[in-house]
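This report concerns only the one structure given below.
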Amino acid sequence: MSELTELTAVRLLEGYRRGEFSPVEVTRAALERAEEIQPEVNAFVRLFAEDATARAAASEERWRRGAPCGLLDGVPVTVKDILLLRGAPTLKGSRTIDPAGPWDEDAPSVARLREHGAVFLGKTTTPEFGWKGVTDSPLSGITRNPHDPTRTAGGSSGGAAAAVALGAGPLALGTDGGGSVRIPAAFCGIFALKPTYGRVPLYPPSAFGTLAHVGPMTRDAADAALLMEVIGAPDSRDWSALAAASGSFRRELAGGVRGLRVAYSPSLGGQVAVRPEVAAAVRRAVERLAGLGAYVEETDPDLAEPVEAFHTLWFAGAARAAQHLSRDQRERLDPGLREICGAGARHSALDYLAAVDVRTDLGRRMGRFHDTYDLLVTPTLPITAFEAGAEVPKGSGHRRWTGWTPFTYPFNMTQQPAATVPVGTDADGLPIGLQLVAARHRDALVLRAAHTLYEAGVTAAVTPAGS
């Protein structure tokens with residue numbers, strides 16, 4: 001049964017069609033895996049064993065009749081505990097939310113999964129309100145890296161990344177406001193995509209506003225394309241949602257990278273100190289892109305270090321998320337979250353609008369950049385996973401998590417699609433990620449380039465030792 005947990009969603013669906021194995025077998029194997037990894041890694045806040053088994057049995061009957069109900073019928077999936085899932089509490093890593101609910105609504109992406117027959121295994125861990133780039137919270141404790149439990153899984157979708165990496169479901173829904181699917185995916189050795197803003201509807205709206213995206217976290221790019229076919233449908237509850245994509249993400253995976261104009265920025269013009277092992281692994285993958293026919297030029301986008309503007313937007317969002325809390329509830333918040341809420345509350349409307357101006361100009365500059373280049377390639381992160389339970393690496397001198405994520409948060413400000421693919425490991429066996437970024441609405445191009453790397457053997461899911 002253990003080999004079932006290593007299969008992609010695409011392969012599972014092929015197996016269902018051929019009768020090689022059943023949704024019940026796959027779901028039981030995934031649940032067993034989830035229960036096995038939970039004590040050490042802490043990827044889940046709750047598992048739905050009874051409901052998942054029942055949904056898998058219903059799926060199995062549909063497959064027996066040759067009438068699957070959707071694109072993901074019988075495929076196990078996990079949902080980050082930021083997104084609503086009907087019938088289960090969504091506590092967002094916080095002791096300030098009443099578990100009693102009512103919990104009678106699905107988020108748009110969750111609703112689409114339900115319509116397509118997916119099997120919900122459980123809800124995955126998050127830092128409180130998803131506020132930082134690692135995953136620990138006063139409610140759920142620390143989520144650990146599947147490659148080394150003394151290290152962080154990253155965040156804020158850390159539980160989702162660890163679950164996929166360890167075989168507790170091939171598909172996961174995460175959220176990304178500053179790197180929160182890409183950071184943990186890079187640290188855990190899996191694939192993740194932050195789509196163009198609005199491509200995947202979000203409801204209720206995030207307190208972090210239009211920085212927040214919903215995205216797939218998977219074993220490879222083909223699985224992400226499949227998941228995007230499902231969750232990328234419009235939803236009337238999100239006024240900022242885009243119309244349905246004009247093409248098929250899966251059909252557009254083919255085509256390779258020949259002729260694409262690729263900008264390779266190894267350190268954002270020397271602004272970022274990238275660990276040598278990370279730089280070398282990313283450079284090797286970029287050289288392979290060139291070998292596959294892409295026109296690669298080493299050059300840098302004009303990002304002009306927008307971290308202070310991001311902080312203004314991010315901290316104000318945190319303050320908004322906590323605005324309704326009583327003094328006693330505020331005392332129960334993660335201390336770091338409480339600190340940025342205080343900072344955010346001190347910003348004026350003019351401060352916020354000035355940050356929006358910075359964001360707007362950054363978007364303009366990146367739009368012009370992509371007039372020349374189809375893709376931008378960078379490291380996903382300048383480092384590999386550091387000690388668990390810390391917001392920043394020990395001795396780094398960074399004050400906040402944004403200090404060690406300079407390649408991720410700018411593209412939440414610009415709303416561009418950005419993905420991370422694993423391109424190797426460091427001397428400690430910790431995964432290294434490469435980031436692919438394209439112009440807004442060119443999600444299919446990002447997926448195609450990532451798929452090409454997988455097809456060429458440049459990248460693959462990094463399997464944790466002993467898993």
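- Contact check for V75 versus L171: side-chain heavy atoms found under the 4.5 Å cut-off.
- Interatomic distance, S206 OG to R320 CZ, rounded to the nearest 0.5 Å: 11.5 Å.
- With respect to R17 and E14, no salt bridge is recorded, no charged nitrogen being found less than 4.0 Å from a carboxylate O.
- The CZ atom of F120 sits 9.0 Å away from atom CG of D51, with the distance rounded to the nearest 0.5 Å.
- Between the side chain of R46 and the backbone N or O of P89 there is at least one donor-acceptor pair closer than 3.5 Å.
- Other residues, nucleotides and ligands place more than 12 heavy atoms under 6.0 Å from the CD atom of E297.
- Defined by atom type and a distance below 3.5 Å, a donor-acceptor pair is missing between the side-chain atoms of T126 and D81.
- Within 6.0 Å of atom CZ in R368, 12 or fewer heavy atoms from other residues, nucleotides or ligands are found, so the atom counts as exposed in its surroundings.
- Although no hydrogens or angles enter the test, the distance criterion places a donor-acceptor pair under 3.5 Å between the side chain of D300 and the main chain of G269.
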*asked:* Using the rule given for side chain to side chain contact (heavy atoms under 4.5 Å, CB included), can you reason through L113 versus L72, listing the C-alpha separation, both sets of side-chain angles and the distance that settles it, and then say yes or no?
replied: CA-CA 7 Å; L113 288 172; L72 294 175; 3.5 Å; yes

*Determine, step by step, whether E105 and Y203 satisfy the side chain to side chain contact (heavy atoms under 4.5 Å, CB included) criterion, reporting the C-alpha distance in whole Å, the side-chain angles of both residues, the deciding distance to 0.1 Å, and the verdict.*
CA-CA 10 Å; E105 190 171 21; Y203 178 86; 3.7 Å; yes

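- With hydrogens and angles disregarded, no donor-acceptor distance shorter than 3.5 Å links the side chain of R258 to the backbone of G293.
- Proximity of N42 to T135: side-chain heavy atoms (C-beta onward) are nowhere separated by under 4.5 Å.
- Looking at H451 and E252, their side chains never come closer than 4.5 Å, going by heavy atoms from C-beta outward.
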*Could you walk me through whether V134 and W401 pass side chain to side chain contact (heavy atoms under 4.5 Å, CB included), step by step?*
CA-CA 8 Å; V134 294; W401 61 272; over 6 Å; no

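- A 4.5 Å side-chain heavy-atom check between L289 and V377 finds at least one atom pair inside the cut-off.
- Interatomic distance, CG of L242 versus OH of Y197, reported as 9.0 Å (0.5 Å rounding).
- Side-chain contact between V262 and V286: absent, with no pair of heavy atoms (C-beta onward) separated by less than 4.5 Å.
- Heavy atoms of other residues, nucleotides or ligands lying less than 6.0 angstrom from CZ of F21 number more than 12.
- Between L260 atom CG and L445 atom CG the span is 5.5 Å, to the nearest 0.5 Å.
- Between T27 and L121 the shortest side-chain heavy-atom distance falls below 4.5 Å.
- A donor-acceptor pair under 3.5 Å links the side-chain atoms of R33 to the main chain of L166, judged by distance alone.
- Between the side chain of R448 and the backbone N or O of G256, at least one donor-acceptor pair lies under 3.5 Å.
- Judged purely by atom type and a 3.5 angstrom limit, E115 has no side-chain atom pairing as donor or acceptor with the backbone of G70.
- Scanning both residues, G154 and I183, for their nearest heavy atoms gives CA-CG2, 4.2 Å.
- Applying the side chain to side chain donor-acceptor pair (under 3.5 Å) criterion to Y409, with sequence neighbours excluded, gives E305.
- Looking at heavy atoms from C-beta onward, F411 lies in side-chain contact with R182 at the 4.5 angstrom threshold.
- In this structure, a donor-acceptor pair under 3.5 Å is present between the side chains of D426 and T384.
- When T380, T420, T378 are each tested for a side chain to side chain donor-acceptor pair (under 3.5 Å) with Q435, only one passes: T378.
- Nearest heavy-atom pair across R114 and D106 is NE-OD2, 2.7 Å.
- Judged by distance alone, with hydrogens and angles left aside, the side-chain atoms of D238 form no donor-acceptor pair with the main-chain N or O of G198 at under 3.5 Å.
- Classified by interplanar angle (parallel below 30°, tilted 30° to 60°, perpendicular above 60°), the ring pair W314/F208 is parallel.
- The environment of R251 atom CZ is sparse: at most 12 non-hydrogen atoms of other residues, nucleotides or ligands sit within 6.0 angstrom.
- From T124, atom OG1 reaches atom CG of L47 across 10.5 Å, with rounding to the nearest 0.5 Å.
- Of the inter-residue distances, the one linking L436 atom CG with R442 atom CZ reads 13.0 Å to the nearest 0.5 angstrom.
- Across all their heavy atoms, H116 and C69 have their closest contact at C-SG, 3.9 Å.
- At least one side-chain heavy atom of L211 sits under 4.5 Å from a side-chain heavy atom of F310.
- Salt bridge E6/R11: absent, no basic N to carboxylate O contact under 4.0 Å.
- Minimum heavy-atom separation, L313 to R359: CD1-CD, 4.2 Å.
- No side-chain donor-acceptor contact under 3.5 Å links D443 to the backbone of P417.
- Residues forming a side chain to side chain donor-acceptor pair (under 3.5 Å) with T125 (at least two apart in sequence, or on another chain): T143.
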*Tell me, with the steps shown, if S137 and E128 meet side chain to side chain donor-acceptor pair (under 3.5 Å).*
CA-CA 5 Å; S137 74; E128 195 162 22; over 6 Å; no

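- V214 pairs in a side chain to side chain contact (heavy atoms under 4.5 Å, CB included) with only one of the listed residues (V110, I82, D176, L83), which is L83.
- Looking at S157, its side chain never comes within 3.5 Å of a backbone N or O of G174 through a donor-acceptor pair.
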*Would you please test H370 and Q416 for side chain to side chain donor-acceptor pair (under 3.5 Å) and show each step?*
CA-CA 11 Å; H370 285 291; Q416 295 171 246; 3.0 Å; yes

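- In this structure, K132 contributes its side chain and L337 its backbone to no donor-acceptor pair below 3.5 Å.
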*Start with the C-alpha gap between K80 and L173, add the side-chain angles, then the distance that decides, and say whether side chain to side chain contact (heavy atoms under 4.5 Å, CB included) holds.*
CA-CA 6 Å; K80 182 180 180 181; L173 286 183; 5.7 Å; no

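- Under the 30°/60° scheme for interplanar angles, the aromatic rings of Y373 and F369 are found to be tilted.
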